[in-house]
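So the structure is just underneath, and the comments pick up after that.
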There are 4 protein chains.
Amino acid sequence: MTIKDEIIEFMKADFPQATCTIDTVGDKSATVRQTIGYDELRPGGTVSGPVLMTVADCALYVAILGEIGIVPLAVTTSLSINFMRKPSSDKDIIGECTLLKVGKSLIVGEVSLFSEGDSNAVAHVVGTYSIPQSIKAKN
Amino acid sequence: MTIKDEIIEFMKADFPQATCTIDTVGDKSATVRQTIGYDELRPGGTVSGPVLMTVADCALYVAILGEIGIVPLAVTTSLSINFMRKPSSDKDIIGECTLLKVGKSLIVGEVSLFSEGDSNAVAHVVGTYSIPQSIKAKN
Amino acid sequence: MTIKDEIIEFMKADFPQATCTIDTVGDKSATVRQTIGYDELRPGGTVSGPVLMTVADCALYVAILGEIGIVPLAVTTSLSINFMRKPSSDKDIIGECTLLKVGKSLIVGEVSLFSEGDSNAVAHVVGTYSIPQSIKAKN
Amino acid sequence: MTIKDEIIEFMKADFPQATCTIDTVGDKSATVRQTIGYDELRPGGTVSGPVLMTVADCALYVAILGEIGIVPLAVTTSLSINFMRKPSSDKDIIGECTLLKVGKSLIVGEVSLFSEGDSNAVAHVVGTYSIPQSIKAKN
């Protein structure tokens with residue numbers, strides 16, 4: 001089973017509420033995707049901020065699992081988002097995550113969020129995850 | 001009609017997806033509340049990060065509307081959250097917002113998030129909203 | 001020797017470059033002060049952003065030392081600042097820090113920065129410090 | 001005169017306290033450099049956080065001037081930094097800025113900070129600048 005399949009299986013079992021899907025994962029990065037429907041929209045036909053934050057958090061989590069293995073207890077400790085452009089109401093949101101630091105206890109990554117097909121990011125996120133101290137890197 | 005009732009009516013019409021309710025608003029502040037059920041939880045019985053961010057964004061928005069009047073085009077430009085403690089799975093999340101700066105084009109506020117009945121914040125948020133330039137303050 | 005005197009002595013020995021002074025410390029909080037001269041100003045007669053960040057970092061550090069004792073290896077892991085008003089060029093900058101969370105490995109605090117005598121904050125900071133794992137709380 | 005020379009001249013006249021120098025500027029990006037000496041160090045032989053923030057702010061400012069022309073009144077409205085690795089005490093700090101959004105009133109950019117010769121960033125910054133409304137883009 002590839003690490004991507006492992007993560008998909010783990011998230012299906014442990015995060016059944018998650019609605020984002022994984023395009024790619026590996027090499028300290030991940031790309032995830034969120035389809036957009038009524039629940040994800042706000043008035044004016046734009047994707048809601050919390051949906052964008054959710055996609056970013058998902059991209060970070062997947063990139064981390066791809067790097068250090070399945071770590072059920074990794075938790076977000078901080079997340080900063082800048083909203084930059086209005087997302088399309090009828091395109092998937094794509095989250096591209098790059099890990100900037102993979103430390104023993106803290107992992108830092110950035111995520112650019114796009115409306116599919118447009119190369120100008122709609123938002124940019126920096127987030128940190130805390131890794132339980134008993135977990136070994138690359139387990 | 002009080003400003004609180006005006007905001008409730010405006011949000012019902014324009015943000016039917018919003019699920020947070022308003023406890024208080026006024027004096028550059030607002031307190032909002034989100035009930036917690038299956039959709040808001042993550043494994044381990046904790047409230048998901050995006051739900052906390054949504055409550056914070058709602059608290060900021062309500063505090064801003066309470067200060068400058070109904071401004072449909074105010075948009076979040078940035079939001080930073082620090083997750084500090086594990087929220088209860090069976091308590092409402094309360095968001096208490098204080099506006100730090102009400103400028104002509106930018107408004108900055110902070111939000112402390114609590115599980116109801118516990119005075120230790122589960123998360124802390126700082127957010128900024130951009131106000132369309134044609135809007136007058138205190139209209 | 002009070003904890004305030006301990007911190008002053010420690011900082012004099014270990015951070016001779018620091019120029020901020022301690023007004024108060026204790027009870028998960030601290031107030032520090034920075035005099036403003038030519039080196040701290042930018043054109044237009046305003047205090048430079050990095051000076052404000054330095055005062056905030058100092059306030060956080062002092063509040064942390066006041067809470068957990070002298071910990072030479074505590075390091076800032078993140079710092080977010082919102083600049084809100086133009087500081088006076090001829091008033092001390094006052095930094096008031098409140099610790100929001102004192103965890104075993106991470107400490108989160110917020111700092112409001114003022115030009116002395118004006119109750120409207122010129123900037124607001126949230127910062128996190130990482131505490132070496134071998135350090136005991138309240139040692 | 002190139003835009004780089006224009007910016008150097010402008011900063012020499014208006015920011016005589018600035019100590020960072022410009023390596024490159026243009027195409028929505030800039031690279032700046034700060035030499036490191038006693039004043040920039042903290043105990044343990046590391047570069048102080050405020051010095052890193054200053055370099056990041058300088059890189060952002062130079063990239064913005066390179067994009068929209070000499071705008072004396074552009075001001076930082078927010079800056080978030082994650083400290084990731086210990087900088088060398090005897091290498092220049094290099095700040096590489098990329099602008100993520102160049103809006104009419106707000107500009108968002110990110111900066112990676114390096115100890116020269118090491119490709120792992122020591123810190124990562126996201127900052128926003130506010131542009132006075134009377135200024136035209138690309139003037």
Side-chain angles (χ1 to χ4, degrees), chain A residues 27-29 46-47 49 52-53 55-57 59-60 63-64 67-68 74-88 93-115 118-131 137, chain D residues 27-29 46-47 49 52-53 55-57 59-60 63-64 67-68 74-88 93-115 118-131 137:
Chain A
D27 198 21
K28 295 194 181 174
S29 66
T46 190
V47 179
L52 295 177
M53 293 184 259
V55 178
D57 195 39
L60 267 166
I64 290 169
E67 186 60 21
I68 66 172
V75 293
T76 317
T77 53
S78 71
L79 199 142
S80 288
I81 185 164
N82 277 277
F83 299 97
M84 302 192 296
R85 295 177 186 85
K86 194 181 161 179
S88 293
I93 291 290
I94 309 293
E96 294 184 358
C97 174
T98 304
L99 300 182
L100 301 172
K101 183 201 176 183
V102 181
K104 263 173 284 184
S105 61
L106 271 185
I107 296 183
V108 183
E110 66 172 328
V111 184
S112 294
L113 295 162
F114 303 89
S115 285
D118 187 337
S119 64
N120 288 309
V122 298
H124 181 266
V125 172
V126 177
T128 55
Y129 263 73
S130 174
I131 308 301
Chain D
D27 198 22
K28 295 194 181 174
S29 65
T46 191
V47 179
L52 296 176
M53 293 184 259
V55 178
D57 195 39
L60 267 165
I64 290 168
E67 187 59 22
I68 66 171
V75 292
T76 318
T77 54
S78 71
L79 199 143
S80 288
I81 185 164
N82 276 276
F83 299 97
M84 301 192 297
R85 294 176 187 86
K86 192 181 163 181
S88 293
I93 291 290
I94 309 293
E96 294 184 359
C97 175
T98 303
L99 300 182
L100 301 172
K101 183 201 176 183
V102 181
K104 261 172 286 183
S105 61
L106 271 185
I107 296 183
V108 183
E110 67 172 328
V111 184
S112 294
L113 295 161
F114 302 90
S115 285
D118 187 336
S119 64
N120 289 308
V122 298
H124 182 266
V125 171
V126 177
T128 56
Y129 264 72
S130 175
I131 308 301

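Quick caveat: nothing in here was measured; it's all calculated off a predicted structure. Quick note on labels: first sequence line is chain A, next is B, and so on, each numbered from 1.
Shown here for A:Leu100 and D:His124, the closest heavy-atom pair between the two residues is CD1-CG, 3.6 Å. Of all heavy-atom pairs between A:Glu110 and D:Glu110, the closest is OE1-OE1, 2.6 Å.
For A:Thr128, the part lying under 4.5 angstrom from a heavy atom of chain D is the side chain only.
Distance CG/D:Leu106 to CE/A:Met84: 11.5 Å, rounded to 0.5 Å.
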